[in-house]
Q: 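Before we start, here is the structure in question, set down as structure tokens.
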Amino acid sequence: MVQPRNLDPELHPFEKAREYTRALTATKMERMFAKPFIAQLGNGHIDGVYSFAKDLRQLDRVASGSGDGEVKIWDLTNRKEIMAVRAHEGVVKGMCFTSVGGDNRLLSCASDRTVKLWDPEQNGNGNNTPVTTYFGTGAFNAVSHHRSDRNFATASSTVDIWDWSRQKPVTTLQWGADTITTVKFNQSETSVLASAGGDRTLILYDLRTNSPLSKITTALRSNQICWNPMEAFNFAAANEDHNVYIFDMRKMNRALNILKDHVAAVMDVDYSPTGEELATGSYDRTVRIYRAREGHSR
């Protein structure tokens, strides 16, 4: 039996369904075209930004370091510059805020073999003189501060532990890596720190024994390490093979989870304060947000 068909476009059989789809799309249009970019901070840097640090105690303060050696501290609430200093001769490779109670200073390191301590109150008016300068034997690639003690770790050809009041490292830790690209203190188990080397190694150290704990070798190099702030034994490593690997330091023979979706080397990774999500930045020019227990970005 042939069904009669009216060719009048105003009496189309799917008219109600089409109208529903249009209405739904119109409702979602604002979200479909929403952009996550909020604002830029001040006038930015003249050169590219190579390092970044956030203050764990004041969520409205961040610091950035550029390729021309300039270091700036920003107020996220007002999006204004708190401090700007010409800190180093070369690229600012690493920065971190000091975590000692009540202190709001900033450590920066570079390939000019120096680590410098800055105070926003002293250096906020154009004063380029650091509070203290620490001289090393090689180019520094990263710096990380202990949560409660006046100690910090630097990454160069070795991992050096420094005391604020001394000009030479108090401890030197190494386990065969030719160049250490990054180092991070655990903010929960404060005696433990992790490093990633240019020879594709991930190494864990314990300050209580002044010795390395364990070492694994990955297929490609890891660019950045971040500890989970809520689960003290877990850390994430951003790898050159386009993935982020989450490890449990108690059982390093396999990864807890592998976060995929990037199509180029993952350059940076950071946990949310809850430890439930991670943000990653990649050479493919994307920033992705992952849930820590899922494999793909949301």
Q: Quick one: does any side-chain atom of Asn78 pair with a main-chain N or O of Lys80 as donor and acceptor, under 3.5 Å?
A: no

Q: Determine the minimum heavy-atom distance between Val92 and Ser51, stating which atoms define it.
A: O-OG, 3.1 Å

Q: Hey, are Lys16 and Glu19 close enough for a salt bridge, meaning a charged N less than 4.0 Å from a carboxylate O?
A: no

Q: Is a donor on one side and an acceptor on the other found under 3.5 Å between the side chain of His145 and the backbone of Ala153?
A: no

Q: Please tell me whether Met252 and Leu259 are part of a single hydrophobic cluster in this structure, the criterion being side-chain heavy atoms less than 4.5 Å apart.
A: no

Q: Measure the shortest side-chain to side-chain distance between Leu278 and Arg291 over non-hydrogen atoms and say whether it is less than 4.5 angstrom.
A: no

Q: Would Arg200 and Glu240 pass as an ion pair if we require N to O under 4.0 Å?
A: no

Q: Side chains of Pro229 and Gln187, heavy atoms from C-beta outward: is any pair under 4.5 Å?
A: no

Q: Might you confirm whether atom CG of Asn43 has over 12 heavy atoms from other residues, nucleotides or ligands at distances under 6.0 Å?
A: no

Q: Could you tell me whether the side chain of Lys251 reaches within less than 4.5 Å of the side chain of Phe233, counting heavy atoms only?
A: no

Q: If you look at every heavy atom in Cys226 and Asp270, which pair is closest and at what distance?
A: SG-OD1, 3.2 Å

Q: Are Trp118 and Ser108 close enough that a side-chain donor and a side-chain acceptor fall under 3.5 Å?
A: yes

Q: Side-chain contact test, heavy atoms from C-beta onward, threshold under 4.5 Å: evaluate it for Arg105 versus Val131 and give yes or no.
A: yes

Q: With a 4.5 Å heavy-atom cut-off, do Ser297 and Ile289 have their side chains touching?
A: no

Q: Answer yes when Arg221 and Asp241 have at least one side-chain N-carboxylate O distance shorter than 4.0 Å, and no when they do not.
A: no

Q: Crowded around Glu89 CD? As in, over 12 foreign heavy atoms under 6.0 Å?
A: no

Q: Would you mind checking if Glu231 and Arg293 are paired as a salt bridge, meaning a charged N to carboxylate O distance below 4.0 Å?
A: yes

Q: Below 4.5 Å, heavy atoms only, C-beta onward: do Ser195 and Tyr205 meet side chain to side chain?
A: yes

Q: Please check if the side chain of Arg79 supplies one atom and the backbone of Trp74 the other of a donor-acceptor pair under 3.5 Å.
A: no

Q: Quiz question: by atom type and distance under 3.5 Å, do the side chains of Thr132 and Trp164 form a donor-acceptor pair?
A: no

Q: If you look at every heavy atom in Ala238 and Val244, which pair is closest and at what distance?
A: CA-CG2, 4.3 Å

Q: Crowded around Ile46 CD1? As in, over 12 foreign heavy atoms under 6.0 Å?
A: no

Q: According to a 4.5 Å side-chain heavy-atom criterion applied to Ile, Leu, Val, Met, Phe, Trp and Tyr, with indirect links allowed, do Val85 and Ile82 form part of one hydrophobic cluster?
A: yes

Q: Can a donor-acceptor pair be found, under 3.5 Å and without considering hydrogens, that links the side chain of Asp284 to the backbone of Ala265?
A: no

Q: Is a donor from one side chain sitting under 3.5 angstrom from an acceptor on the other, for Ser191 and Asp206?
A: no

Q: Establish whether Val266 and Leu256 are linked, either directly or via other cluster members, by ILVMFWY side-chain heavy-atom contacts under 4.5 Å.
A: yes

Q: Could you check whether Asn104 and Gln58, counting side-chain N and O atoms only, form a donor-acceptor pair closer than 3.5 Å?
A: no

Q: What do the steps show when you test His88 against Lys93 for side chain to side chain contact (heavy atoms under 4.5 Å, CB included), and what is the final call?
A: CA-CA 10 Å; His88 298 278; Lys93 290 292 189 71; over 6 Å; no

Q: How far does CD1 of Ile246 sit from CG of Asn257, to the nearest 0.5 angstrom?
A: 5.0 Å

Q: What I want to find out is whether Glu81 reaches Lys72 closely enough, with some N-O distance under 4.0 Å, to be called a salt bridge.
A: yes

Q: To the closest 0.5 Å, what do you measure between OG1 (Thr98) and CG (Leu56)?
A: 10.5 Å

Q: Determine, step by step, whether Asp248 and Arg254 satisfy the salt bridge (charged side-chain N to carboxylate O under 4.0 Å, His left out) criterion, reporting the C-alpha distance in whole Å, the side-chain angles of both residues, the deciding distance to 0.1 Å, and the verdict.
A: CA-CA 8 Å; Asp248 187 326; Arg254 62 183 292 270; over 6 Å; no

Q: Taking the side chain as everything from C-beta on, heavy atoms only, tell me whether Thr218 gets closer than 4.5 Å to Tyr245.
A: no

Q: Output the distance between atom CG (Leu207) and atom CG (Asn151), rounded to the nearest 0.5 Å.
A: 7.5 Å

Q: Treating Ile, Leu, Val, Met, Phe, Trp and Tyr as nodes and any side-chain heavy-atom pair under 4.5 angstrom as an edge, say whether Trp162 and Leu107 lie in one connected cluster.
A: yes

Q: Provide the closest heavy-atom pair for Val115 versus Cys109 in the form atom of the first, atom of the second, distance.
A: CG2-CB, 3.8 Å

Q: Do Ile216 and Phe235 belong to the same hydrophobic cluster, where Ile, Leu, Val, Met, Phe, Trp and Tyr are linked whenever their side-chain heavy atoms lie under 4.5 Å apart, directly or via other members?
A: yes

Q: To the closest 0.5 Å, what do you measure between CG (Leu193) and CG (Leu173)?
A: 6.5 Å

Q: Please name the pair of heavy atoms, one in Ser282 and one in Ala264, separated by the smallest distance, quoted to 0.1 Å.
A: OG-O, 3.3 Å

Q: When you check the side-chain N and O atoms of Thr172 and Asp160, is any donor under 3.5 Å from an acceptor?
A: yes

Q: Side-chain donor-acceptor pair under 3.5 Å between Ser66 and Tyr50, yes or no?
A: no

Q: Is it the case that the ring center of Phe152 lies less than 6.0 angstrom away from the ring center of Tyr134?
A: yes

Q: Between CZ of Phe185 and CD1 of Ile225, what distance do you get to the nearest 0.5 Å?
A: 13.0 Å

Q: Do Val62 and Leu76 come close enough that some side-chain heavy atom pair is under 4.5 Å?
A: yes

Q: Has the side chain of His45 got a donor or acceptor atom that lies under 3.5 Å from a matching backbone atom of Gly48?
A: no

Q: Roughly how far apart are Arg61 CZ and Lys54 NZ, rounded to 0.5 Å?
A: 14.0 Å

Q: Whether the side chain of Tyr290 engages the backbone of Lys260 through a donor-acceptor N/O pair (distance < 3.5 Å, no angle test) should be reported.
A: yes

